[in-house]
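The block underneath contains the structure these notes are about, expressed in structure tokens.
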Amino acid sequence: MSDLTKEAAYIKGLFDGMKLDSQKDETKILSSIISFLEKTADEIDMLDQEQGFLADQIDDVEEVIDVLAEEISDEYDDDADEYQIKCDNCGNHVHFTGDDIDDLVEGNFDCPYCCETVQLDLSGMEDGCDCGCSHDHSEE
């Protein structure tokens, strides 16, 4: 029972204790107002309970969203961009992620298809150009 419901019950008790003539118009109006107050207080109590239930449901949904977001962020890797290099020995395309690029800095990789070591020509990269064209784009 909320404070509103208690207050409405208290007012009704005061009204009933006054022993007013139930046939008078003033008494009928006061009785209707008190009845309205009781119904309003009960309705507000019900809405408050429903709001509490909905707030709990929202909290549960937020927890699920947080867990899913954490799982998604764990699965997503900023270095997961995919690159491919054609093996000069067997002609197959070998796929690499950003994580693998660090291993390729030395210029060698083992082809997973033919198991041969493939040498990469990174000579054009030494001049500050990352496209392999052997000149510095900052001069343009």
Requested in this report: Evaluate whether atom CE of Met18 has more than 12 neighbouring non-hydrogen atoms of other residues, nucleotides or ligands under 6.0 angstrom away.
Outcome: no
Query raised in the report: Do you know the tightest heavy-atom contact between Tyr113 and Cys90?
Result: CB-SG, 4.0 Å
Query raised in the report: Does the Ser32 side chain pair with the main chain of Lys28, one donor and one acceptor, at a distance under 3.5 Å?
Result: yes
Query - Gap between atom CD1 of Ile44 and atom CG of Asp3 - 0.5 Å precision - result: 12.0 Å
Query raised in the report: In Å, rounded to the nearest 0.5 Å, how long is the span from CD of Glu116 to CG of Asp88?
Result: 11.5 Å
Query - Check: Leu20 main-chain N/O paired with Thr27 side-chain donor or acceptor under 3.5 Å - result: no
Query raised in the report: Would you say the side chain of Val64 lies within less than 4.5 Å of the side chain of Leu68, judging by non-hydrogen atoms?
Result: yes
Requested in this report: Report yes or no: do Ile11 and Leu4 belong to one cluster of Ile/Leu/Val/Met/Phe/Trp/Tyr joined by side chain heavy-atom distances under 4.5 Å?
Outcome: no
Query raised in the report: Are Gln51 and Asp48 close enough, and set up right, to give a side chain to side chain contact (heavy atoms under 4.5 Å, CB included), and what steps lead you there?
Result: CA-CA 5 Å; Gln51 186 272 333; Asp48 189 46; 4.2 Å; yes
Report summary line: CG of Leu54 to CG of Asp59, rounded to nearest 0.5 Å, is 11.0 Å
Report summary line: Distance col, row Ile33:CD1 vs Phe15:CZ, nearest 0.5 angstrom, shows 9.5 Å
Requested in this report: Taking the side chain as every heavy atom from C-beta outward, state whether Gln49 and Phe53 have any atom pair closer than 4.5 Å.
Outcome: no
Query raised in the report: Passes side chain to side chain contact (heavy atoms under 4.5 Å, CB included), Glu50 versus Leu47? Steps please.
Result: CA-CA 5 Å; Glu50 288 178 13; Leu47 291 172; 4.3 Å; yes
Query raised in the report: Can Lys12 and Asp16 be said to form a side chain to side chain contact (heavy atoms under 4.5 Å, CB included), step by step?
Result: CA-CA 6 Å; Lys12 180 167 177 28; Asp16 291 342; 3.3 Å; yes
Report task. Would you give the length of the straight line joining atom NZ of Lys39 to atom CD1 of Ile34, rounded to the nearest 0.5 angstrom? Result -> 13.0 Å
Query raised in the report: Any side-chain heavy atom of Glu26 within less than 4.5 Å of one from Ile29?
Result: no
Query - Euclidean distance, Asp45 CG relative to Ser2 OG, rounded to 0.5 Å - result: 3.0 Å
Report task. Would you name the heavy atoms of Val94 and Cys111 that are closest together and state the gap between them? Result -> CG2-SG, 4.1 Å
